[in-house]
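For reference, the structure is listed below as structure tokens.
Computed over heavy atoms, backbone and side chain alike; hydrogens, waters and symmetry mates excluded. Since the structure is predicted, the reported quantities are computational estimates derived from the model, not experimental observations.
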Amino acid sequence: MIERDLEGWTLAFDLDGTLVETHQDLVGTLNRMLVLKGLPPVPMEGARALIGGGARALLEHGFTLAGAPLDQARDPDLFDAFIADYIAHIADESTPFEGVVETLETLSARGATLVVVTNKRSDLSELLLGKIDLTRHFAAIVGPDRVSERKPSGAHLIEAVTSVGGDPARAIMVGDAAPDAGTAKDAGIPCVLVSFGYTPIPVEDLGGDIIVDAFEDVEEAVDMIVVDHYVVRAMTGV
């Protein structure tokens, strides 16, 4: 496929399960909270699908699996302990997925503006991305605390795109789970989904425009969407 200049396009990326493999550190913190309450830890690999809804949802899922009352998981002191522990271990094992760095560098070199659109708190996202040297690739890191509504609301995505000077009519969402597909659909923005992320729902059932099995394939998926965009414009004269 012939590469097009991506100047004027904004590419929005989810964080956990899309850019970064974070489940070991997140589930590690969850398990320490469970042990703190005298509960059994959850299996590391089996808990991948728990990630994506935020710390409170992760705690609730973990306590439910352990057979504990949800009111324990909703204890504000426990939530504060979770955040403090996660901050201390945020990048112990978390690393970019294979191909992420090279792909982000290529997309930037082709003129695209890159932004992170995540339901992880902005300060935690910035801390994590800083520790693994990914911050430099992005014009902004936009957590739910920096917009009027969080994913799957389209407002999260639209406000993130416009915050970096982008046009939602020339934007693409790249994610791994239902909140990403949902925010893209609500915003009327095309969506590329990766198949290796954190979703309890089969990725093919999420309604993305294109599914890729490796991060390095994101560039080709972006090209396909951009080409379709210009073909439609040529046909409609818009």
Check whether any side-chain heavy atom of [X] lies under 4.5 Å from a side-chain heavy atom of [Y], and answer yes or no.
X    : Y    : answer
F196 : D213 : no
Y198 : T18  : no
D133 : R136 : yes
E102 : E216 : no
L78  : D80  : no
T29  : R32  : yes
D16  : N119 : no
T10  : R170 : no

_Listed once per pair and sorted, the salt bridge (charged side-chain N to carboxylate O under 4.0 Å, His left out) pairs that draw on residues 171-180, sequence neighbours left out_ = K151-D180
*Would you mind listing every salt bridge (charged side-chain N to carboxylate O under 4.0 Å, His left out) that reaches into residues 153-169, with sequence neighbours excluded?*
none
Quick one: [atom1] on [X] to [atom2] on [Y], what's the gap to the nearest 0.5 Å?
X    : Y    : atom1 : atom2 : answer
T113 : L6   : OG1   : CG    : 10.0 Å
L129 : K120 : CG    : NZ    : 9.0 Å
D223 : D217 : CG    : CG    : 11.5 Å
L58  : L30  : CG    : CG    : 4.5 Å
I210 : E220 : CD1   : CD    : 8.5 Å

*Going through the checks in order, is the salt bridge (Lys or Arg N to Asp or Glu O under 4.0 Å) test met by D145 and R121?*
CA-CA 7 Å; D145 48 295; R121 235 169 58 183; over 6 Å; no
*Passes side-chain contact (heavy atoms from CB on, under 4.5 Å), S195 versus V212? Steps please.*
CA-CA 6 Å; S195 64; V212 298; over 6 Å; no
Is there a path of hydrophobic side-chain contacts, each under 4.5 Å between heavy atoms of I/L/V/M/F/W/Y residues, joining [Y] to [X]?
X    : Y    : value
V142 : I172 : no
I189 : L15  : no
V20  : I51  : yes
I141 : L11  : yes
L206 : V218 : no

*Are the side chain of S153 and the backbone N or O of E149 linked by a donor-acceptor pair below 3.5 Å?*
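No, because the side chain of S153 does not come within donor-acceptor range (under 3.5 Å) of the backbone of E149.
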*Spell out, as yes or no, whether a donor-acceptor pair under 3.5 Å connects the side chain of S122 to the backbone of G143.*
yes
Please table the atom pairs, donor to acceptor, closer than 3.5 Å between any side-chain atom in residues 90-101 and protein atoms at least two apart or in another chain.
{"unit_1": "D92", "atom_1": "OD2", "unit_2": "H89", "atom_2": "ND1", "d": "2.7"}
{"unit_1": "S94", "atom_1": "OG", "unit_2": "D25", "atom_2": "OD2", "d": "2.7"}
{"unit_1": "S94", "atom_1": "OG", "unit_2": "I90", "atom_2": "O", "d": "3.4"}

Mind listing the closest non-hydrogen atom pair of [X] and [Y] along with its distance?
X    : Y    : answer
F13  : L107 : CZ-CD1, 4.0 Å
M33  : F63  : O-CZ, 4.5 Å
L34  : A66  : CD2-CB, 4.3 Å
A181 : C191 : CA-SG, 4.0 Å
I201 : A178 : CD1-CB, 4.3 Å
P152 : D186 : O-CB, 3.9 Å

_M173 and its side chain to side chain contact (heavy atoms under 4.5 Å, CB included) partner, picked from V161, V192, D209, D14_ = D14
*Could you note down all residue pairs passing ring pair (Phe, Tyr, Trp, His ring centres under 6.0 Å) where residues 126-156 supplies at least one of them, sequence neighbours left out?*
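Residue pairs with at least one partner in residues 126-156: there are none.
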*asked:* Test salt bridge (Lys or Arg N to Asp or Glu O under 4.0 Å) on R110 and E219; report intermediate values, then the result.
replied: CA-CA 10 Å; R110 292 179 57 195; E219 183 184 6; 2.8 Å; yes
*Only pairs at least two apart or in different chains count here, so list each side-chain hydrogen bond (donor to acceptor under 3.5 Å, both in side chains) that has a residue in residues 56-69.*
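Sorted result for residues 56-69: E60-R74.
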*For I87, what residues pass the side-chain contact (heavy atoms from CB on, under 4.5 Å) criterion, not counting sequence neighbours?*
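Partners of I87 under the side-chain contact (heavy atoms from CB on, under 4.5 Å) test: I83, L124, L127.
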